[in-house]
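Some notes on the structure that comes next.
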There are 2 protein chains.
Amino acid sequence: MSSVSADDDGHEPITRMKSRDRRELILEAATGVFGDYGYVGATTDQVARAAGVSQPYVVRMFGSKEKLFLEVLRRALDALLSTFRTVLAENSRTELPRYFGRAYVDLLNDRGLLLSLMHAFVLGSDPVIGRAAREGFLEVYEFMRNEAGFGPEQTREFLAGGMLINTMVGLRMSDEFDTNETVRELLTIALPEKLDLLLHLGKTQRPTSK
Amino acid sequence: MSSVSADDDGHEPITRMKSRDRRELILEAATGVFGDYGYVGATTDQVARAAGVSQPYVVRMFGSKEKLFLEVLRRALDALLSTFRTVLAENSRTELPRYFGRAYVDLLNDRGLLLSLMHAFVLGSDPVIGRAAREGFLEVYEFMRNEAGFGPEQTREFLAGGMLINTMVGLRMSDEFDTNETVRELLTIALPEKLDLLLHLGKTQRPTSK
DNA sequence: GTCTATACCAAGATAGAC
DNA sequence: GTCTATCTTGGTATAGAC
């Protein structure tokens with residue numbers, strides 16, 4: 001413990017920072033919070049506390065909760081696509097599906113990233129977020145077809161597998177891995193490999209209160 | 001038009017009804033609304049207006065928004081499973097996957113049903129809804145494995161395909177079918193057959209205001 | 001069985017100080 | 001660049017009349 005106040009919940013005077021850095025910090029925190037509670041369910045105050053700043057500051061910096069979410073979505077898509085592009089550049093064409101699968105599951109390390117994506121994918125009826133989400137999904141689709149050179153059926157299988165993984169994660173199915181035989185079976189089937197990774201993410205940590 | 005008030009937005013004196021029937025009516029309305037806006041995003045007032053009753057009445061009848069959603073979830077799962085059971089009873093074992101696929105897409109007719117399910121599947125971090133959602137998904141999984149006799153890989157493929165369809169629907173991807181070439185391509189790939197069905201659901205009708 | 005009125009709280013956003 | 005204080009809205013739930 002340092003010599004400052006014992007109240008370390010992030011509300012003691014904070015060091016100033018370049019706004020670029022703070023921005024990154026908040027975006028990371030927001031990715032986690034949106035991943036856990038969804039766009040509507042998450043509050044800007046939760047994001048603020050997770051980032052160690054004040055609630056109004058979050059709104060100030062991004063203009064609105066909606067704009068913040070759009071940035072989180074953008075970042076998540078960029079991370080996804082750039083991961084795939086790296087895989088594409090480093091591996092032989094034939095083994096791609098397997099490598100993509102691994103890379104995808106690896107993205108689970110970035111807490112909330114795939115989860116935030118999934119939350120966006122269910123918000124199609126929202127006029128602004130829905131549009132962004134559709135466009136985002138299409139980017140991924142186009143990457144598969146055009147850059148990675150996947151055929152229609154191969155693309156379908158890959159996307160479907162991804163959505164199944166997302167659903168398992170969204171459901172926090174792994175929370176019951178130890179206590180439920182059927183869950184073990186299901187997860188073993190649903191996750192091609194790297195099951196261990198999903199499990200090591202640990203149980204969902206839910207703050208006692210909102 | 002009948003002789004009653006011209007204000008027909010559902011707020012004129014309503015005929016009394018057996019509570020069982022009213023209950024069904026509200027559950028149907030709620031399925032649609034939750035499907036469109038998600039559990040958190042939907043309001044009990046939207047549900048009430050869609051059902052033509054007052055907001056407090058909805059809460060009265062179900063105890064809370066949460067309990068209402070749990071009932072919607074339960075009903076959706078029952079509909080899904082009983083549909084599959086019917087298919088199972090009526091068809092030869094060998095062609096099952098195809099028939100299940102069709103039956104699943106047919107469920108899209110029940111506006112909001114699969115959508116509400118999908119919304120539940122992303123709420124794993126909610127202590128009560130998350131638990132119900134996991135259990136629901138497991139019911140479907142067990143049906144496939146035990147009742148329908150699907151093998152692990154067959155089950156995986158089926159569930160994955162289902163989640164991809166759900167995602168397409170959640171994204172309201174079909175709203176852009178006419179205006180976007182890539183969307184047409186994607187939807188043709190993602191929906192094994194019965195694409196027409198998805199399209200005939202029509203554009204998402206979003207009430208001007210909440 | 002169903003409504004109207006309303007209490008109450010949570011959350012996003014704004015103003016303005018430092 | 002960042003905070004505290006606060007306005008405002010909207011949404012769940014309760015009370016009680018008809």
Side-chain angles (χ1 to χ4, degrees), chain A residues 4-5 7 9-27 29-30 33-34 36-72 126 128-129 207-210, chain B residues 4-5 7 9-27 29-30 33-34 36-72 126 128-129 207-210:
Chain A
V4 288
S5 152
D7 176 348
D9 67 1
H11 280 285
E12 68 273 31
I14 300 268
T15 326
R16 276 165 156 259
M17 215 171 167
K18 284 236 225 53
S19 109
R20 266 291 160 74
D21 299 342
R22 197 61 91 194
R23 201 181 172 79
E24 266 315 297
L25 215 61
I26 295 178
L27 281 169
V33 175
F34 281 131
D36 273 349
Y37 303 97
Y39 169 59
V40 201
T43 73
T44 54
D45 188 60
Q46 286 177 307
V47 173
R49 277 187 275 116
V53 299
S54 70
Q55 180 268 331
Y57 187 51
V58 172
V59 176
R60 252 319 180 79
M61 176 161 271
F62 294 89
S64 68
K65 180 180 166 180
E66 186 178 71
K67 283 183 188 142
L68 172 59
F69 186 76
L70 289 175
E71 288 227 32
V72 165
D126 182 289
V128 9
I129 294 176
T208 310
S209 64
K210 280 196 104 176
Chain B
V4 289
S5 151
D7 175 348
D9 68 1
H11 279 285
E12 68 274 31
I14 299 270
T15 326
R16 276 165 160 261
M17 217 172 164
K18 284 238 223 52
S19 109
R20 265 292 159 75
D21 299 341
R22 196 61 91 194
R23 201 181 172 78
E24 266 315 299
L25 214 62
I26 295 177
L27 281 169
V33 176
F34 281 131
D36 274 349
Y37 304 96
Y39 169 60
V40 201
T43 74
T44 53
D45 189 59
Q46 287 177 306
V47 173
R49 277 186 276 115
V53 298
S54 70
Q55 180 269 331
Y57 188 51
V58 170
V59 175
R60 254 314 181 81
M61 176 162 271
F62 293 90
S64 67
K65 180 181 166 181
E66 186 178 71
K67 282 182 189 145
L68 172 59
F69 186 76
L70 289 175
E71 289 226 34
V72 166
D126 181 290
V128 9
I129 294 176
T208 310
S209 65
K210 279 194 103 176

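Numbered from 1 within each chain, the chains take letters A, B, ... in sequence-line order.
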Output the rounded distance in Å from [atom1] ([X]) to [atom2] ([N]).
X	N	atom1	atom2	answer
A:Lys18	D:dG1	NZ	P	10 Å
B:Arg49	D:dG10	CZ	C1'	12 Å
B:Tyr57	D:dT14	OH	P	17 Å
A:Asp45	D:dT4	CG	C1'	13 Å
B:Arg23	C:dT2	CZ	P	12 Å
B:Glu66	D:dA13	CD	C1'	14 Å
A:Leu25	D:dT2	CG	C1'	14 Å
A:Leu68	C:dG12	CG	C1'	12 Å

- Query: Would you say B:Gln46's side chain and B:Thr43's backbone share a donor-acceptor pair under 3.5 angstrom?
  - Reply: yes
Closest to side chain of [X], choosing from [options]:
X	options	answer
A:Pro56	D:dA13, C:dT14, C:dT2	C:dT14
A:Arg60	C:dT2, C:dG16, C:dG12	C:dG16
B:Ser19	C:dG1, D:dT12, C:dA13	C:dG1
A:Thr43	C:dG12, D:dA13, C:dG1	C:dG12
B:Ser54	C:dC3, C:dT2, D:dT4	C:dC3

Side-chain contact test, heavy atoms from C-beta onward, threshold under 4.5 Å: evaluate it for [X] versus [Y] and give yes or no.
X	Y	value
A:Leu27	A:Phe62	yes
A:Phe34	A:Leu68	yes
B:Arg23	B:Glu71	yes

- Judged by nearest nucleotide, the residue sitting upstream toward the 5' end of DNA chain C, A:Tyr39 or B:Arg20, is B:Arg20
- Message: When you measure from the centre of the six-membered ring of B:Tyr39, is the NZ or CZ of B:Lys65 closer than 6.0 Å and no more than 45° off the axis?
- Response: yes
- Message: With a 4.0 Å cutoff (strictly under), does any side-chain N or O of B:Thr44 reach OP1 or OP2 of D:dT12?
- Response: yes
- Query: Under 3.5 Å, is there an N or O donor on one side and an acceptor on the other linking the side chain of A:Gln55 and the base of C:dA11?
  - Reply: no
